[in-house]
There are 2 protein chains.
Amino acid sequence: MGAGDGDDSATASGSTLGYALLSLLTRGPATGYQLSSQVKAPLGHFWTAKHSQIYPELARLAAAGWVSAVEQAGPGPRAKKTYEITPDGLAALRAWLVVPPVAQPRSEITLKAYAANSGDPAAMAALYGQLAERAERMLAEYEQDAARMREAGMDHPAHPRFGNYAVLLMGIESQRTVRSWAAWLAASLHGGERIPYGGPSGARDNGY
Amino acid sequence: MGAGDGDDSATASGSTLGYALLSLLTRGPATGYQLSSQVKAPLGHFWTAKHSQIYPELARLAAAGWVSAVEQAGPGPRAKKTYEITPDGLAALRAWLVVPPVAQPRSEITLKAYAANSGDPAAMAALYGQLAERAERMLAEYEQDAARMREAGMDHPAHPRFGNYAVLLMGIESQRTVRSWAAWLAASLHGGERIPYGGPSGARDNGY
DNA sequence: GCCCACATGTAATCAGTTACATGATTCT
DNA sequence: AGAATCATGTAACTGATTACATGTGGGC
């Protein structure tokens, strides 16, 4: 089954990666190589893929008629292909968008916290201290990106890249959460005493 | 390869699922069936697995000497096995705990937000309104769980189930974030106008 | 000359889900 | 009598990562 067997008008429910690529292609035509770098920021904060997964998926999308490809003689042994979303692809994307997602997130840092008191308290405190610092750095970076986006008017829902801004806002909130939660956990494990969790708001005054 | 080839003292780096099961077994001995239900709350908010993945993984952990099994004649055609973590297993878990995690989260709701302005604004607003409501309900549930845990003293770092509390706190913060972000997105898409994001705390009015 | 960015693919493996398969005990 | 819970496994498939493979053009 899948694609390429002559029948392209079926229900053909694609993979999540396929829809992610279609979403990227609504920003304009791109090569597989460009998509694999565009999948870095801000989309990559919440969805990533390697080129080895992207190229076969683009071939499936093309076989389903959801993207069209034009070949140019590019560098290297093979032809460079620029992909564009088709009306069928856009329709499929629109149908997928309104299906409520059910997938549950997986978080390794939270999993490690579950086993926190099996580890050495000092080492665990150091680990979560580092994670809080990393979140702090990423937060600063994201805030700058967000400020640039607001200057470009991307915080308006009608802007064609409003989605970039929405994703970045989620990234900012997620990093804020990690920063305060990891700091609370580090302090708790370090002191060995009960510390009430204050939430991300208390740490919010070192703002922008 | 992996386990079962006679050599059990090697570095034998396990899978993330293996460490998740070891973490659960630090709470006490359990059968595969019990583990597959314990992997629901609170751990399941951030890590899940089906029984079809758990049983083979337990066999690998046993082959590596990280867990030991005792068989009792249980219901059904096969023997019921109760697993217990071994000193080797605990040492492996401790080593894994202090390795900084790098895996990036995948979030389908954020991915859909990236393509928000390819969808019908009213339908997208309705979707994110529903997601905000779901987050609200889960938040209320988690808050009750957290209150019960505090009554049981599980908010003290020395409590053997302090990890349960830490994971639940992260769950609460995550739901809070989703609630406010999804509500902001729904309102933005519905009104079609720029709305400053206020953040998850109601006590804040300094928009961007 | 060497490294990097551009550019595309395949093969092998690992992780995870869905479906198949069996059967005892307890509750309604 | 039927459904739910307890209990354990395998097979087929999909999703994702790591490693293999190739080759050009530009900057240092």
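Proteins come first, then strands; the chains are lettered A, B, ... in the order of their sequence lines, and each starts at number 1.
The side chain of B:K80 sits closest to D:dT8 out of D:dT8, D:dA11, D:dT17. Nearest nucleotide to the A:S15 side chain, out of C:dG16, C:dA5, D:dG15: D:dG15. Nearest nucleotide to the side chain of B:Y55, out of D:dA7, D:dA21, D:dA16: D:dA7. Residue A:S52 has its side chain nearest to D:dT18 when only C:dG9, D:dA11, D:dT18 are considered.
Heavy-atom distances to DNA chain C give each of A:Q104 and A:Q34 a nearest nucleotide, and the one nearer the 5′ end belongs to A:Q34. Along DNA chain D, the nucleotide closest to A:R78 and the one closest to B:P56 are compared, and the more 5′ of them pairs with B:P56. Comparing B:G76 and B:R106 against DNA chain D, the residue whose closest nucleotide sits nearer the 5' end is B:G76.
B:Y128 places a side-chain N or O within 3.5 Å of a backbone atom of B:A113 that can act as its donor or acceptor partner.
The separation between B:I54 atom CD1 and D:dC6 atom C1' is 15 Å, rounded to whole Å.
For A:Q53, no side-chain nitrogen or oxygen approaches OP1 or OP2 of D:dG15 to under 4.0 Å. The shortest distance between the side-chain N/O atoms of A:Y33 and the OP1/OP2 oxygens of C:dT8 is not below 4.0 Å. Distances shorter than 4.0 Å separate some side-chain N or O of A:K81 from OP1 or OP2 on C:dG9. A:K50 has a side-chain polar atom (N or O) that falls below the 4.0 Å cut-off from OP1 or OP2 of D:dT18.
Judged by a 6.0 Å distance limit and a 45° cone about the ring axis, B:R176 is not positioned over the six-membered ring of B:Y142.
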